[in-house]
Amino acid sequence: MAARVKRVDIHSHVLPLEMMEAIRARPGDYQMMVETRDGAEVFVREDKHSTPLYAEFFDADAKVEGMDRKGIDVSVISVTPVVFFYWLAADAGIKASRIMNDGIARMAARRPDRLRGMATLPMQDMDAAVAELERVVKEHGFRSIELGCRIRGELLSEPKFRPVLRRAQELKVFVFTHPYVAGALSPDLGCYYLGNLAGLPLDTTLMAAHLMFGGALDELPGLNVVLAHGGGYLPYQIGRLAHGYEVRKEARANTPNSPAVLLRRFYFDALTHDAAALKFLVEKAGADRVTIGTDAPFDMAEENPLAMIASLPLSDEQRERILGGNALRLLGEAN
């Protein structure tokens, strides 16, 4: 009987101690400050978007304790998107990325049996972003990078960002794409927490659609891209995109492949918060394209990821792929 595959979470956030200390010391450099609310520290950007402070953000042992509660064996840790820092000047963005990546590496080294590092990059400067990607692979052995779906309002699919995607493909580093909120929200997204609940899945969907229709996935056939939050709305409207490709010449302008085919170029985390939606995702994308993603330690996290996956009508082999096999292959750790 085959050994149980490690349960691997590829969507788990941190805010390294080194970055926290840098913000406290020089808040103006990072357009971010620390406030106390109800007796607890909160990191607040100048645009008013903020994040509470969790022990899991900076304490490797606390992160592992959270993993133990969820039944996770290995987590690939990435910074909370509130500190992507794409909006900073290039020099400040480069400095912040290095601080955070070194902090992530320190956390992973503290618990090497349980944690893997995922890098953030200074995407406002392509040369610096490529250089930092190469550095974290060489110095820290990272096998993944987290990139925002947008950089300064432009989708990651834009040709100007292609050098980073191309270098990631060459280095066999997978890309975890994560949407985020920056600047003022429109009134219809600024209420009811809809900037997160509806806006984030929409940005993922738009970025993924542009990667498909714009030809980037054809240009980079070896690039592995993981979409957060179950792929946003993409898997659930793939039929509409595919139909549009068949009947509209605009949709066929830059790619010979239908979205129905290109859907399987993506990997998806299982963070749907709904078993029926997750079942549909697995049916559309395939059990070999879905991984655990918890979004720990936020309140939008999945607290029982194994139970959600256990509820699906899958074979043992399919279930083991989702629980860890797919992620281990992405990390280059599969047997």
Side-chain angles (χ1 to χ4, degrees), residues 10 76 78-79 81 84-94 96-98 100-101 118-138 140 142-180 182 200 202-228 231-232 234 238 241 245 250-259 261-269 289 330-332:
I10 66 165
V76 189
S78 57
V79 297
F84 277 161
F85 288 133
Y86 301 149
W87 42 89
L88 299 181
D91 287 350
I94 295 166
S97 292
R98 290 181 67 95
M100 290 187 286
N101 291 334
M118 180 183 290
T120 185
L121 302 180
M123 293 295 288
Q124 58 269 67
D125 183 317
M126 281 299 94
D127 289 341
V130 170
E132 180 63 3
L133 168 57
E134 293 172 343
R135 184 185 79 89
V136 297
V137 170
K138 180 179 180 180
H140 300 315
F142 287 3
R143 304 308 310 163
S144 57
I145 54 175
E146 178 189 32
L147 301 179
C149 292
R150 292 182 185 269
I151 293 90
R152 295 187 170 186
E154 297 183 277
L155 291 168
L156 180 63
S157 51
E158 286 297 304
K160 67 186 295 182
F161 304 121
R162 207 61 50 81
V164 167
L165 301 183
R166 186 175 299 111
R167 192 65 181 122
Q169 175 183 253
E170 292 167 351
L171 292 170
K172 295 181 172 56
V173 168
F174 77 83
V175 178
F176 177 59
T177 60
H178 198 300
Y180 66 100
L200 298 193
L202 176 59
D203 254 19
T204 294
T205 305
L206 288 172
M207 180 211 64
H210 277 259
L211 286 171
M212 293 190 293
F213 286 120
L217 296 182
D218 304 310
E219 180 184 335
L220 301 169
L223 181 68
N224 289 320
V225 179
V226 182
L227 304 181
L234 180 69
I238 194 65
L241 296 179
Y245 181 85
E250 303 95 323
R252 298 191 300 274
N254 296 311
T255 177
N257 292 304
S258 167
V261 173
L262 293 174
L263 182 70
R264 278 185 47 79
R265 280 296 313 278
F266 296 107
Y267 287 83
F268 304 82
D269 77 13
R289 310 304 285 187
L330 287 169
L331 289 166

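Start at 1 with the first residue, then count along the sequence.
Counting heavy atoms from C-beta outward, F84 and M123 have side chains that stay 4.5 Å or more apart. With a 4.5 Å cut-off on side-chain heavy atoms, P259 and F213 count as touching. No side-chain heavy atom of M212 sits less than 4.5 Å from a side-chain heavy atom of Y245. Side-chain contact between F268 and L263: present, with at least one pair of heavy atoms (C-beta onward) separated by less than 4.5 Å. Looking at heavy atoms from C-beta onward, V164 lies out of side-chain contact with V175 at the 4.5 angstrom threshold. Between F266 and L211, some side-chain heavy-atom pair lies under the 4.5 Å cut-off. Counting heavy atoms from C-beta on, the side chains of F161 and M126 come closer than 4.5 Å.
Note: T204 OG1 to L155 CG = 10.0 Å, rounded to the nearest 0.5 Å. Note that CZ of R265 and CG of L227 are 11.5 Å apart. Values are rounded to the nearest 0.5 Å. Remark: L156 CG to I151 CD1 distance equals 5.0 Å, nearest 0.5 Å. Interatomic distance, NE2 of H178 versus CE of M207, reported as 11.5 Å (0.5 Å rounding). Of the inter-residue distances, the one linking L147 atom CG with Y86 atom OH reads 5.0 Å to the nearest 0.5 angstrom.
For K160, the salt bridge (charged side-chain N to carboxylate O under 4.0 Å, His left out) partners two or more places apart in sequence, or in a different chain, are E154. Checked against ring-ring contact (aromatic ring centres under 6.0 Å, His included), F174 has no partners two or more places apart in sequence or in another chain. Judged as a salt bridge (charged side-chain N to carboxylate O under 4.0 Å, His left out), and not counting sequence neighbours, the contacts of E132 are R98, R135. With sequence neighbours excluded, the residues that form a side chain to side chain donor-acceptor pair (under 3.5 Å) with R289 are Y267. The side chain to side chain donor-acceptor pair (under 3.5 Å) check on S144 picks up nothing, with sequence neighbours excluded. Listed by chain and number, the residues in a side chain to side chain donor-acceptor pair (under 3.5 Å) with R264 are D288 (sequence neighbours excluded). With sequence neighbours excluded, the residues that form a side-chain contact (heavy atoms from CB on, under 4.5 Å) with Q169 are L220, P221, L223. Residues meeting the salt bridge (charged side-chain N to carboxylate O under 4.0 Å, His left out) test with D125, sequence neighbours left out: none. For R143, there are no salt bridge (charged side-chain N to carboxylate O under 4.0 Å, His left out) partners at least two apart in sequence or on another chain.
Using cut-offs of 30° and 60° on the angle between ring planes, the pair Y180 and W87 is tilted.
Annotation: side-chain hydrogen bond (donor to acceptor under 3.5 Å, both in side chains) contacts involving residues 208-225, sequence neighbours excluded, comprise R162-E219, R166-E219, D218-T255, D218-N257.
Between A168 and I145, the shortest heavy-atom distance links the atoms CB-CD1, 4.2 Å. Counting all heavy atoms, side chain and backbone alike, M100 lies closest to V79 at SD-CG1, 3.7 Å. Smallest separation of non-hydrogen atoms from L88 and G93: CB-N, 4.1 Å. Smallest separation of non-hydrogen atoms from M118 and I10: CE-O, 3.7 Å. In terms of heavy atoms, A228 sits closest to P179 at CB-CD, 4.4 Å. Among all heavy-atom pairs drawn from L133 and L121, the shortest one is N-CD2, 3.7 Å.
Side-chain atoms of T177 come within 3.5 Å of backbone N or O of V226 as a donor-acceptor pair.
The residue from V173, V137, V130 that alone fulfils the side-chain contact (heavy atoms from CB on, under 4.5 Å) condition with R167 is V130.
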